[in-house]
Amino acid sequence: MRFLLTNDDGIFAEGLEALRTEFQNAGHEVVVVAPALQQSAQSHSITLYHPLVLRTVDLPGGGKGLAVEGTPADCVKIGLHEIAPMRPDACISGINNGSNTGLNIFYSGTVGGAFEAALHGIPSFAISLDTKTTDDFAPSARIARRVVEQLLPYAEPRTLFNVNIPNLPEEELKGVKLCRQEIRPYQDAFERRTDPRGRVYFWLKEEILHPEATIPQNGHGAHPPDHATLKQGFVTVSPVSLEVTDYEKLKALEDVTIDIRTQTSIVRRAQSRRSSSR
């Protein structure tokens with residue numbers, strides 16, 4: 001099979017090299033198009049106001065890859081339209097250095113690259129390893145290949161699977177679980193600093209999940225949440241929708257009339273109702 005590989009940690013990242021080696025050794029054809037530099041937390045952004053510079057590079061384990069001075073989504077666009085000689089059977093983005101569960105999917109460049117492929121009708125997989133300290137991605141690459149090969153027959157053209165792998169020896173993994181995205185906000189914190197010229201700046205600290213607060217998930221609680229399940233030692237697989245329309249809210253608003261010609265402020269009307277109720 002043919003796979004387009006990308007990531008957000010850069011074309012020389014150990015996770016990407018482990019994926020390439022694993023899939024090639026299994027007899028698959030791979031094309032590597034990845035950012036020239038670190039692009040974490042770039043989400044689904046694309047480059048508009050400067051050119052995308054491309055260069056062919058020698059990959060650590062041998063072979064060639066294409067380094068793009070752009071985002072993961074840029075890489076996928078270039079890969080699909082300018083580089084890949086034939087349409088790939090799937091796109092794989094990763095292996096990311098760190099998990100991408102819960103709200104991380106909105107920020108992740110790894111997921112953003114997979115999103116771009118799915119928008120073009122290519123089944124895609126975002127693969128992440130739950131660690132920021134290892135340089136041995138070979139075990140997680142083996143797990144990723146097995147998951148991809150077994151899920152691909154069930155993937156529609158615009159399917160995106162978000163896959164997270166615990167940083168555990170293979171024999172300690174508890175299995176694979178289909179999960180929902182856990183919607184738990186972060187407790188953001190910033191470190192305030194001052195530069196040599198006296199200017200104040202802020203550095204985002206390591207994000208910590210809120211210990212209790214969750215956002216209601218509209219009755220979709222039958223499947224376990226991805227973050228908690230990953231921490232229990234399971235490989236998590238979450239199908240991600242490309243459409244973000246809130247259909248329940250859309251239906252609830254069907255009988256609401258919005259009059260753009262009205263001169264009465266909705267704020268004044270609300271205040272008037274509160275006053276009359278006292």
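Numbers here simply count residues along the sequence, with the first being 1. Computed from a predicted model, the values in this text were never measured in an experiment.
- Side chains of P166 and L173 form a contact here, defined as non-hydrogen atoms less than 4.5 Å apart.
- Looking at N100, its side chain never comes within 3.5 Å of a backbone N or O of S128 through a donor-acceptor pair.
- Of the candidates Y201, W203, F202, F202 is the only one forming a side chain to side chain contact (heavy atoms under 4.5 Å, CB included) with F190.
- In this structure, F23 is a member of the same hydrophobic cluster as F161, with clusters built from ILVMFWY side-chain heavy atoms closer than 4.5 Å.
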Original post:
Given the rule in the side chain to side chain contact (heavy atoms under 4.5 Å, CB included) test, do L152 and F125 qualify, once you have shown the distances and angles that lead to the verdict?
Top reply: CA-CA 9 Å; L152 197 51; F125 298 81; 3.9 Å; yes
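- Residue pairs meeting the salt bridge (Lys or Arg N to Asp or Glu O under 4.0 Å) criterion with at least one member in residues 93-119, sequence neighbours excluded, are K77-E116.
- Dense packing is recorded around CG of L48, with more than 12 heavy atoms of other residues, nucleotides or ligands lying under 6.0 Å away.
- Side-chain atoms of D130 and N164, non-hydrogen and from C-beta on, never get closer than 4.5 Å to each other.
- Of the N and O atoms on the side chains of D226 and T229, not one donor lies less than 3.5 Å from an acceptor on the other residue.
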**OP:** Please lay out, stage by stage, how D9 and Q38 fare under the test side chain to side chain contact (heavy atoms under 4.5 Å, CB included).
**Re:** CA-CA 5 Å; D9 290 323; Q38 170 65 252; 3.5 Å; yes
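- T236 contributes no side-chain N or O that, together with a main-chain N or O of K177, makes up a donor-acceptor pair within less than 3.5 Å.
- For the pair Q181 (side chain) and G102 (backbone), a donor-acceptor distance under 3.5 Å is present.
- Using modelled atom types, one side-chain atom of D195 and one backbone atom of R199 make a donor-acceptor pair closer than 3.5 Å.
- Using a 4.5 Å heavy-atom cutoff, the side chains of I78 and L66 are in contact.
- A salt bridge links R20 with E17: the distance from a Lys NZ or Arg NE/NH1/NH2 to an Asp or Glu carboxylate oxygen falls below 4.0 Å.
- In this structure, the side chain of S93 engages the main chain of T110 through a donor-acceptor pair within 3.5 Å.
- For the pair K64 and D58, the salt-bridge criterion is met [side-chain N within less than 4.0 Å of a carboxylate O].
- With respect to the salt-bridge test (charged N to carboxylate O, under 4.0 angstrom), the residues R146 and E170 qualify.
- With respect to T101, the side-chain hydrogen bond (donor to acceptor under 3.5 Å, both in side chains) criterion is satisfied by exactly one of K231, H227, E182: H227.
- In this structure, the side chain of T159 engages the main chain of E156 through a donor-acceptor pair within 3.5 Å.
- Formation of a donor-acceptor pair under 3.5 Å by the T71 side chain with backbone atoms of S45 is found in this model.
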